[in-house]
Number of protein chains: 2
Amino acid sequence: MAKIATTVYEQIRTAILNGELSNSERLVEEDLAVSMGISRTPVREALRRLAAEGLVDVSPNRGARVAEWDVHDLREIFDLRSILESHACELATPRASAAEIEFLENICTEMEELAETDLSSETRLPALAARNRIFHGKIIEMSNSTRLGLLIETLIHVPIVMQTYKVYSPEALQRSLHHHREIVNAMKAGDEVWASSVMRAHVLAAREEILGQPDPE
Amino acid sequence: MAKIATTVYEQIRTAILNGELSNSERLVEEDLAVSMGISRTPVREALRRLAAEGLVDVSPNRGARVAEWDVHDLREIFDLRSILESHACELATPRASAAEIEFLENICTEMEELAETDLSSETRLPALAARNRIFHGKIIEMSNSTRLGLLIETLIHVPIVMQTYKVYSPEALQRSLHHHREIVNAMKAGDEVWASSVMRAHVLAAREEILGQPDPE
DNA sequence: ACGTTAAATTTTGTATACAAATAGAGCAGC
DNA sequence: GCTGCTCTATTTGTATACAAAATTTAACGT
């Protein structure tokens with residue numbers, strides 16, 4: 001059987017990612033423990049792990065809260081994502097096998113077909129978001145850099161980043177899908193400069209779609 | 001008084017960073033606890049924290065070991081450092097104040113003076129390494145991106161990266177100091193492309209100095 | 001001698017107990 | 001009504017106890 005601490009960790013994590021916990025909600029160890037019928041020990045471990053990932057903030061003797069992110073945080077996150085995922089494309093392109101290219105192409109097709117159906121349906125947006133994550137994750141995996149993957153992971157687990165498509169306009173969605181298709185074409189052509197440039201543009205476009213105009217600071 | 005867990009964390013951490021613990025040495029909770037006269041609980045917390053940072057590896061029911069890094073790991077680390085620190089330069093340049101430029105210039109001067117003295121002395125290399133860390137840290141701080149700082153931090157705490165200068169040839173050291181000076185000059189001129197390019201070259205040069213020629217894979 | 005299996009020991013994972021710190025309620029004073 | 005205080009209740013931090021898993025040791029047969 002899996003460790004209890006890991007189970008707790010995953011439960012709290014998905015709860016945060018799905019936005020089921022309100023912003024900066026207090027996470028009391030005892031409460032979580034009794035609600036799950038376990039002791040505080042594994043709860044503590046899970047919370048510390050989430051803190052290390054940046055999903056919760058803990059202050060000494062004051063406990064843990066769900067982390068929250070302001071506009072400046074999101075700007076930082078998308079800026080870094082644009083750099084790191086672009087780099088992933090650069091590394092992945094010369095390594096890409098025919099099978100991997102085909103895999104990415106299939107996801108593009110699936111997403112395009114999904115986008116043509118009624119988007120107001122409950123199931124469409126999650127389906128798109130899931131495939132989007134697979135698409136980006138696959139390219140990161142293809143980059144063959146464990147640490148690059150880990151760095152990106154620590155960035156994108158912020159709820160708003162996970163739920164990107166929820167705030168997309170139809171035009172933004174179309175542009176996003178075109179970017180995906182163009183990235184695969186660039187990789188197919190073995191052109192890592194092209195591929196990485198489109199990826200960078202793709203993430204920065206998402207940034208603007210979510211944040212609106214750049215803040216002057 | 002500070003939390004015991006934090007104290008333990010720092011002790012183990014510096015022990016690893018100073019290379020006082022042999023590679024992949026087992027870290028038994030009970031042993032560490034009794035040797036410090038405390039219970040296992042804070043030791044556990046410290047070990048999990050170090051695991052999240054990548055300084056130790058933990059396997060379920062099998063405990064923690066000091067992490068070790070092979071050539072491929074180091075290559076990944078320096079590649080990512082080159083990208084992220086270069087980005088830090090890009091962000092820092094337009095924000096740099098006169099005082100900050102002067103601060104960096106002073107470090108450059110100090111390091112140049114240290115390099116002219118007898119390098120075989122016990123104290124010279126640590127003094128250089130400390131100033132090197134301050135130099136890079138200052139630029140990261142000037143970039144004003146909390147997350148960028150955190151990402152870089154998780155990369156550079158690997159012992160070999162911390163102790164870079166220990167393996168430098170005199171020529172490599174000179175080149176490194178020239179890079180530092182050039183970076184400051186570029187920032188002073190407000191040229192973020194120049195500054196970030198030199199920084200990228202600076203880190204990639206360090207990579208080659210430490211790893212030798214690129215592995216063909 | 002060698003390998004295999006089974007007990008014994010060690011070590012981790014979780015629960016519980018207690019101490020230390022913090023937050024909050026209630027009340028005094030202005 | 002508001003501010004600042006004390007005391008209580010809550011909550012975190014650490015220690016200890018026990019259960020579960022893994023590693024080591026020992027025994028046994030071939």
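Quick note: numbers below take in every heavy atom, side chains included, and nothing from hydrogens, waters or symmetry partners. Just so it is clear: chains get the letters A, B, ... in the order the sequence lines come, proteins before strands, and each one is counted from 1.
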*From A/Leu50, A/Leu47, A/Thr154, residue fulfilling side-chain contact (heavy atoms from CB on, under 4.5 Å) relative to A/Leu55*: A/Leu50

How close or far is atom [atom2] of [N] from atom [atom1] of [X], stated in whole angstroms?
X       : N      : atom1 : atom2 : result
B/Glu30 : C/dT12 : CD    : C1'   : 11 Å
A/Glu29 : C/dT14 : CD    : C1'   : 14 Å
A/Tyr9  : C/dT14 : OH    : P     : 15 Å
A/Ile38 : D/dC18 : CD1   : P     : 21 Å
B/Arg40 : D/dA17 : CZ    : C1'   : 11 Å
B/Leu32 : D/dT14 : CG    : C1'   : 16 Å

_Angle by which the axis turns from one end of the helix from C/dA1-D/dT30 to C/dC30-D/dG1 to the other, five pairs per end, to 10 degrees_ = 10°

*asked:* Using every non-hydrogen atom in the two residues, find where B/Leu155 and B/Ile77 come nearest and quote the distance to one decimal.
replied: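 Closest approach of B/Leu155 to B/Ile77: O-CG2, 3.6 Å.
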
*Please report the shortest heavy-atom distance between B/Arg95 and B/Ser143, naming the atom on each side.*
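Of all heavy-atom pairs spanning B/Arg95 and B/Ser143, the closest is CD-O, 4.1 Å.
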
_Quick check: on DNA chain C, is the nucleotide nearest A/Arg26 upstream (toward 5') of the one nearest A/Thr6, or the reverse? Name the residue that is more 5'._
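Here A/Thr6 is the residue nearer the 5' end.
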
Answer yes or no: is there a donor N or O on one side and an acceptor on the other, between the side chain of [X] and the main chain of [Y], under 3.5 Å?
X        : Y        : result
A/Glu76  : B/Thr146 : yes
A/Asn106 : A/Phe103 : no
A/Thr14  : A/Glu10  : yes

*B/Arg62 side chain near D/dA21 phosphate (N/O to OP1/OP2, under 4.0 Å)*: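 No.
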
[options]: which one has an atom nearest the side-chain heavy atoms of [X]?
X       : options                : value
B/Asn61 : D/dA21, C/dT14, C/dT22 : D/dA21
B/Val28 : C/dC18, C/dT11, D/dT11 : C/dT11
B/Lys3  : D/dA15, D/dG13, D/dT12 : D/dG13

_Return the CD to CG distance between A/Glu68 and A/Asp57, rounded to the nearest 0.5 Å._
8.5 Å

*May I ask you to list the residues of residues 41-59 of chain B, by number, that have any heavy atom positioned under 4.0 Å from an atom of DNA chain C?*
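Close to the strand are B/Arg44, B/Arg48.
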
*Would you mind checking if A/Glu141 and A/Lys138 are paired as a salt bridge, meaning a charged N to carboxylate O distance below 4.0 Å?*
yes

*Tell me, please, which residues at least two apart from A/Glu112 pass side chain to side chain donor-acceptor pair (under 3.5 Å).*
A/Arg181

